[in-house]
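The chain is numbered in sequence order, starting from 1. The figures here come from the full heavy-atom set of this structure, side chains too, leaving out hydrogens, waters and symmetry mates. Model, not experiment: these values are computed from the prediction.
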Amino acid sequence: MSLSAPQDSQEAASERSSLPDKYLTKTEFESYEDFYKNYNVITPENFNFAYDVIDVLAREKSGQRALQWCDEKGEEAAFTFAQMKSLSDKAANALRENGIGKGDPVMLVLKRRWQFWPVILALHKLGAIAIPATHLLTAKDIIYRCDAAAIKGIICVDDPELMGRIDEAGKTIKQKLRFKAFILTGSGAEDRVTQPPWINFSLLMENAPSEFIRPQDANSNADIMLLYFTSGTTGLPKMVRHDFTYPLGHIATAKYWHQVTPGGLHLTVADTGWAKAAWGCIYGQWLCAAGIFIYDYDRFSPSAMLEIISRYRLTSFCAPPTIYRFFIKEDLKKYDFSALKNCSVAGEPLNPEIFEQFLAGTGLKLRECYGQTELTVSLCTWPWLEPKPGSMGKPAPGYDIDLLREDGSSCSMGEEGQIVVRTDKRKPWGMFGGYYRDETLTKSVWNNDIYHTGDVAWKDENGYYWFVGRNDDVIKSSGYRIGPFEVESALLEHPAVLECVITGFPDPDRGAVVKATVVLSKQYSTSDELKTELQEHVKKTTAPYKYPRIVEFVNELPKTISGKYRRVQIREKDLNKE
């Protein structure tokens, strides 16, 4: 596919885009209080991100860079907004020719390949339901998703192993797939994948017409646009449904958290199979007319990613704490961060040590936020707030956040309670519409106009919120409630600790004691002396009663396919030891 060279970065965006001004009643704010009170999103009827944002940008800023992509092998590609419109129109025509239309669920397993963006836009144009998914799914996972969501088609990367799992799943799923397609992404792929019923979607796109006319009934605002299967640390994944207004909820994400700039270049480290990609790799960023950068890799290398940030002169960057934890072990002074204006972090609470070391190495203060697949940015260190390392910040506009005790009453300042979102006055922009095909599950977490997140936090005297842990993860020991994050944070300050997870271990006298499961840094080895040293370190760093009475060294920690720690697996293993 031949691609013309886009105009370069911010020079191509010297004229301020009409977006997101078109969708906000006010864009400039004097303070956080002004922002929280007066931020307001205008929601048009029958809003469709692909037509109303991308196609508009293709007309207004046709030559401006929309997407810059490179992989770890040195391949790269760049696309203008005009090219993105043309490619998405081609993909929409190809999908329609293969029987995909309004309301049809289609799973996308495209990793970080650039083709994900025109294909998901094409599904939006058709009014279909996009279901992003990870390439790590087993055949069992695929069967569950296909049956639960009545999936009509799958488009995946040309990975023989992945395609084999999809073929295996296809023998068992209740409703047979309407089509299975692959995207060619490497040399020799044509030879590897030739057998029907697989369709060469790359070839279909290339030969499809480059114009797709918007149907009059493409979608209503309430139609389902996205389904995300949450990875879940317990039980089967839940199907989180988002309607066509969901992208508007991420204007605040991009403009006031990531602080992207029109014509700038933003990188969020996320596989397209996860909701974090929707937060940082498409909707809010393009609503702000920013360029999106994608670094496509299979094996993470901190030095390689730092080189990417420097070489491509990224203007904003977002990643989970683990990425920054590896960054600070590098010599940050070797890299050119002169174009980088804002760095943000989400996914897990941030250890203060990482904040301080990254600030020393780059001069940039990391800005944290809190949200869920069901929500958008809910709590955040907004531009008007001074970051407090480890704090989630303050509520997003539209979010009426409260902390509740177990009896349903509101917590006092400094008291731990479950984070809830009150929806009696309004539903926040971008909040989910419930769990697909499961009203009972929806009502179990969202009832009486209160959505229960299942996460525990406390609020300080300045209104900042501090994460404690999942409700099920809080340890109750000898009458104390101990949140795992604070102990994990203390341990991570010790140079011997690369990763750690804190859980409760059953104890007949105390109910539970604190257990640390630790992965050591390469230069350290296990010993009883090191266990004692870590225990003493925690006693000096936080309240002494929180120290881990049990320390177990392991080579790796159990994680979900989205990379979150599976504390439940550690607890179950410990129970079986008794």
Side-chain angles (χ1 to χ4, degrees), residues 1-9 12-13 15 17-19 47-71 75-98 100-102 106 108 110 112-128 130 132 153 155 157 181-185 199-216 218-219 225 244 247 262-263 265-266 272 277 281-283 285-294 296:
M1 186 176 293
S2 177
L3 301 172
S4 61
Q7 297 176 28
D8 190 39
S9 76
E15 207 173 294
S17 171
S18 61
L19 304 169
F47 175 76
N48 185 300
F49 177 81
Y51 297 117
D52 297 324
V53 177
I54 298 306
D55 288 5
V56 168
L57 287 168
R59 292 192 300 269
E60 294 182 353
K61 297 182 176 295
S62 61
Q64 184 178 315
R65 177 179 53 196
L67 187 76
Q68 180 95 30
W69 174 92
C70 74
D71 67 12
E75 297 292 324
E76 59 181 8
F79 307 88
T80 65
F81 283 112
Q83 289 172 326
M84 196 55 63
K85 177 195 182 309
S86 176
L87 287 167
S88 62
D89 281 353
K90 282 176 168 286
N93 281 314
L95 285 162
R96 186 166 60 183
E97 288 174 8
N98 282 274
I100 296 301
K102 182 178 180 180
V106 176
L108 303 179
L110 294 174
R112 295 181 178 90
R113 305 296 189 261
W114 64 259
Q115 290 90 341
F116 170 83
W117 281 263
V119 172
I120 195 170
L121 290 172
L123 291 172
H124 297 343
K125 288 183 172 182
L126 289 163
I155 304 176
V157 294
F182 61 90
I183 295 282
L184 296 179
T185 60
I199 299 170
N200 183 335
F201 197 77
S202 301
L203 189 60
L204 287 181
M205 273 185 64
E206 190 171 340
N207 295 328
S210 59
E211 186 175 2
F212 186 86
I213 305 300
R214 181 176 188 166
Q216 288 188 342
N219 66 280
M225 184 187 82
F244 274 82
L265 207 50
H266 174 79
T272 61
C281 300
I282 181 168
Y283 300 118
Q285 292 69 35
W286 277 343
L287 271 157
C288 294
I292 294 168
F293 189 89
I294 302 301
D296 187 356

**Prompt:** Does D71 have any salt bridge (charged side-chain N to carboxylate O under 4.0 Å, His left out) partners at least two apart in sequence or in another chain, and if so, which?
**Reply:** none
**Prompt:** Side chain of Q285, backbone of I282: donor and acceptor closer than 3.5 Å?
**Reply:** yes
**ring-ring contact (aromatic ring centres under 6.0 Å, His included) partners for F49, two or more places apart** = Y283
**Prompt:** Do the side chains of F81 and W286 get nearer than 4.5 Å, heavy atoms only?
**Reply:** yes
**Message:** Applying side chain to side chain contact (heavy atoms under 4.5 Å, CB included), can you list everything that pairs with A50, at least two apart in sequence or on another chain?
**Reply:** N48, L121, H124, K125
**Message:** If the condition is side chain to side chain contact (heavy atoms under 4.5 Å, CB included), which residues does S210 pass it with, not counting sequence neighbours?
**Reply:** S86, K90
**Asked** Under a 4.5 Å cut-off applied to non-hydrogen side-chain atoms, are L203 and M205 in contact?
**Response** no
**Asked** Taking only residues two or more places apart in sequence, or in another chain, which ones meet T272 in a side-chain hydrogen bond (donor to acceptor under 3.5 Å, both in side chains)?
**Response** none
**Prompt:** Can you find a heavy atom in the side chain of V157 that is under 4.5 Å from one in the side chain of R112?
**Reply:** no
**Non-neighbouring partners of F47 that pass ring-ring contact (aromatic ring centres under 6.0 Å, His included), sequence neighbours left out** = Y23
**Request:** Check salt bridge (charged side-chain N to carboxylate O under 4.0 Å, His left out) between K85 and all other residues, then give those that pass, not counting sequence neighbours.
**Result:** D89
**Prompt:** Partners of A128 by side chain to side chain contact (heavy atoms under 4.5 Å, CB included), sequence neighbours excluded?
**Reply:** I100, L123, L126
**Fill in**
Sorted by chain and number, sequence neighbours left out, side-chain hydrogen bond (donor to acceptor under 3.5 Å, both in side chains) with E97 holds for none
**Message:** Show the nearest heavy-atom pair for residues F201 and A91, with the distance to one decimal.
**Reply:** CZ-O, 3.9 Å
